[in-house]
Every structure is written in structure tokens, then in C-alpha cells.
S.K.: 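One structure coming up, written as C-alpha cells, with questions to follow.
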Protein chains: 2
Amino acid sequence: MEVKEILFMNKGDGENSYVKSSGYMQKVAAATQPMVSGAVQSFFRENCSNPPLEVLNVADLGCSSGPNTFTVMSTVIESTVKSCSELGREIPEIQFYLNDLVGNDFNTLFKGLTVIEEIFKNVPWFAMGAPGSFHGRLFPRNSMHLVHSLYGVHWLSKVPKLTNEGGLPLNKGKIYISKTSPPGVREAYLSQFQEDFLLFLKCRSPEMVPDGRMVLIFHGRKSADPTLRESCYTWEILAETISYLVSQDDVQHCLLSPSNLSKMLLAKVQNQCISAFDSIVVACISRPKGEFESLSLNFLAIRE
Amino acid sequence: MEVKEILFMNKGDGENSYVKSSGYMQKVAAATQPMVSGAVQSFFRENCSNPPLEVLNVADLGCSSGPNTFTVMSTVIESTVKSCSELGREIPEIQFYLNDLVGNDFNTLFKGLTVIEEIFKNVPWFAMGAPGSFHGRLFPRNSMHLVHSLYGVHWLSKVPKLTNEGGLPLNKGKIYISKTSPPGVREAYLSQFQEDFLLFLKCRSPEMVPDGRMVLIFHGRKSADPTLRESCYTWEILAETISYLVSQDDVQHCLLSPSNLSKMLLAKVQNQCISAFDSIVVACISRPKGEFESLSLNFLAIRE
């Protein structure tokens, strides 16, 4: 079974759901909205000599079940209204395509849209759910004006091949690129990311309109060394937690009750390791010029 | 609370789900596909002098959680391929907008799309979920080439006002237009349907492209008298069932366990009353010419 068939954020809106436990992501979303707003404004500015746009198509890739995607929707609506008012142009209807894997909880996502309905009663907007992997085609040719992804693009489509030619495991006892991992492990992860990211861009390319914009927010690293503590501290916590569960003979119990596992991981991650990441990359890409603007944000600055 | 906020078909894919108990609807869908196919073919034929279409946008309104909407999708894909091949034109990408109320089980719907993925691997198609009431705007202006609705349009948006000027109930003890109901009851239902259907058409009008097509399949009646047995037999069964539950002191139990109620109703409806309906109307509307073609199908012929 492929990863895309089984991967999803915790469903519903209970205590352990993504909806209730994505506070940190909300802060990242809030901190990166100026880039989203800037992309919308520059799109309208550079296209103001064209005929008025009837519909602005906007995709949020890896939107999960809310509420971060609602922050993005609000920013796009507000920026569109502001840009069009400043340029003296009619406000287009805005069509949002909210994408995530098929296992995502779209039911909860759709119920949450009432938040946006209540705020933007006088702006014509529509929201669609677009199920599927962004490592494949999602939308028709030449349709998207703005593509946004918050913390989605660094997810790999599958576990890299981590065995040597003899079929023996390259990274035995580890779940990440550690100081003791052989070079082949790093190369396997890098190769998988390169393959996935290239495929992502190849799939988006025909979907974007000329001069469309992409704003991609994902993990980055300033250092070339992936084994530095700040790069893999999250995985250390995860590995420690799994080891602890094994030692307590609790694995079976936790597998039967995934919410327990996620709760433990959540507590560990939130309390101890959030400062360990190095940076967030916000990449703003303009097509077809291929202009690339990137911004690096410090995790701690967002956290506090 | 409005009807549109609480109304949905039974979720999931269990024994009492819509997915598993919509066999009759599947037969109606199968019987009406020639009209859908004809609408697609006539659309391409009449537009073959225009520049090639890049994307064919198709909406299915009131799609529920499958599998009937998959029948419609298959028909549209097959008809598009056939029409374009016959006319020597490039096959456009096909974008489906699957609509139902926010409470619909879109998660189950999206999982079911693998059926279509397996059949049509070489045709470019995409599917979106479009949550919302079709008594309001759902899509951007000038976007839809084909709008289809199977058994959706005859649902009223709300219960009509069934009280007289003094606030007393007009239809006491009844849940439908019966022989003993005063004329005001019939007028109230008719007025509500007229209001809803007019609103439906007003909302679709700006959404359709010029020369777009609508195929609407809904209940109809050949007789002007709504109290004939064949028109209200379903409601008699429903009323009888509720009376039975009240007499058995089972109402509270059944309300706490809605699947029991739906199971009883389903059994009653499927076993006893399906032949009672008079006809199905299939309306095919072409915009902006306003041409209207309708077909009346006999229920029993479909049932058998």
C-alpha cells in the first residue's frame, strides 16, 4: 500500500485532532501571510493591463481539515479586495481548491468553512475539496492563479530505499539521518526529496496560468550537515518515544490506540523540541519568468 | 437550524448507508444515462466550430456519497471521448464538481473515486467536492458546461408554513397532502417548490456557459391531484411507521438509534411502495436558447 493511501492528519475536532493540535502551524501560517498577501498583490499589479479577471483560482495543497487553510483563505480574500480596490478593478470571484490526500477529513474541513462564510459575506468566493496527491496532477491545464502550500512539500511520497546491494538495512536501529548513519542514507533521502519535488513542480507547471504564483512554505536547513542536533532533534524524540514504548511493552497497546501515541509525541514535541528546527523556507515562485524569492524565518521567533 | 445544515444521506459504507441502500437510485441513474449522453454529444456537436475546449466543467448536484455519481461520471467521460473522436477534436480535460450539502459524507465519496480511476486511466479527469446548497450559488460565473442532478431538485429547502392566520396547524395529524388536507396545504407545498426551483434556476443561470446543458432528474406527477394514492403512498407508509412506533412506545428508542428507524423505513419503502410513484421527469435544458426537452419514465419499468 502506498503512503498516499494511508497518510492523514488526525481526523475530527476532538482533543487529539489536527484541528485542535495545530496551534504551532497556525503561528507559522500567521507569520508567513505577508508573503501570501505580497504574491496576490504582485499578481494583480502585473496583470492590471490584461482584461479583468472573472475568477481567481487558488489552491491550498496539503490543507488538512483546518483551521490553517482558513487563515490562508482570509489572507487571499482580503488581499484580493485590497489590490483590486487600489487598482480600480472589479473584484473577481474567488474559487478555492482545498487539497489533501484522500484519507484527509474533508467532512470536518467543510464544516469549518462557516468561519469564512461569517466573515466574508459580501465577497463572492467558493470552496471545493480536491482529493489527491500533489505528486500527481490535480487540476486542469492553465487553471491556477495562486498555489499555496503550508508545511506540505517536504513530506516524501514514500520511504526511501534504505538497503544495500545485498538487501541488508543501511540504517539499522535508526529512523532518521543520524551521526552514525552511512552516507548512503543521506543520499537516499536527498534523492527521494529531489525526485518528489521535481515531480511536484512538473505537475504544477501545466496547471498554472502564465504569471501565476506559488507560495511554498516548508522546512529548511541552513547547515549542509543533516546530522546536526537542530536538524534531527524531532526524530530523536520520536525514536526515544518508540524505544520507551518498546521497553514498557506498551507498543501493542499504543498501536491499538493511536491517539495515545500521538498524544505522547505531541507532548514531547511541543514541550521539548520545537526550538530545534533550524528555519522555515518560504519560497515565492512566479511563472513563467521563473523568478524565485525566498525568505528564511527563525523557528524560535515564530514560537515565542 | 436550517434544513440544509442537518440534512444528509446515511454516511459511511455500512449496511444502512446510502452507498449500500441506493440500488433503486442506481437503476434510475442507469435508465436516464442516455439523456446525459445525448446532452454531452449535442453540446460538442453544436460547439464544434468554436476553438477547442481545454476543460469541460461538469457539476453533479446532490451527488451524495456515491455510487450513483460514479455512473454519471462514467457516462460523461465515455460520451466526451466518443463525441470528440467522432468530430476529430482533441479530448478536453474533464473537471467534475461533486456537490451536496455540507453534512454529506464527502470522505466516503472521495474514497469511492478509485472505481473511476481504475476504469479511466488514460483520460484526463479531475474530481472536486463542492459543499453547499444548490439553492444558493455554488460555482463561479460562466464556468459550467454541464449540470446534472439525480433526484435532488424535488427536495424542498424548508418545511412550508402550514399554519393559518391564527397560528393553528393547517394539516394536523398529517405529514403530507392527504385527501382530508385543506387546499391551503397543497398551496403551501406548491409555493415552496416554486420558490425553491426558481431560486435553483436563478443560481445556475450565471454559472452556466452559453449553450451549456442541464439534465435534471426528479419526481413528477401526471395527475393534477396530489392526493391520489400513487402520489402520496410513500408518505402514508412513513406516517404509518411513525404511528406504529408511537404505539409501541419505541419512538424514544428509535430516535436515539436513527439507524433502526431508517432500516424500518427502508424495508417498508423498498418492499411495499416503490411502484406507487407515478413517473420520473428527466428535463434537459439548453442555455441560452431555453430549449426544454423532457421525458417521462415509468417507475415500474425501471424497477423491474
S.K.: For the candidates A:Val55, A:Thr108, A:Asn57, A:Leu109, which exhibits the highest count of non-hydrogen atom pairs separated by less than 4.5 Å from chain B?
M.R.: A:Val55

S.K.: Applying a criterion of heavy atom separation less than 4.5 Å, what residues of residues 128-140 of chain B form contacts with chain A?
M.R.: B:Met128, B:Gly129, B:Ala130, B:Pro131, B:Arg137, B:Leu138, B:Phe139, B:Pro140

S.K.: Residues two or more places apart in sequence or in another chain: which of them pass ring pair (Phe, Tyr, Trp, His ring centres under 6.0 Å) with A:Phe106?
M.R.: B:Phe110

S.K.: Between B:Arg141 and A:Glu54, which heavy-atom pair has the shortest distance, and what is it?
M.R.: O-OE1, 4.1 Å

S.K.: Verify, without hydrogens or angle tests, whether B:Asn107 (side chain) and A:Asp105 (backbone) share a donor-acceptor contact under 3.5 angstrom.
M.R.: no

S.K.: Let me confirm one number: the OG-CD distance from B:Ser143 to A:Gln95, rounded to the nearest 0.5 Å.
M.R.: 6.5 Å

S.K.: Who pairs with A:Lys202 by salt bridge (charged side-chain N to carboxylate O under 4.0 Å, His left out), at least two apart in sequence or on another chain?
M.R.: none

S.K.: So, using side chain to side chain donor-acceptor pair (under 3.5 Å) as the criterion, who are the partners of B:Glu86 when residues are at least two apart?
M.R.: B:Lys82

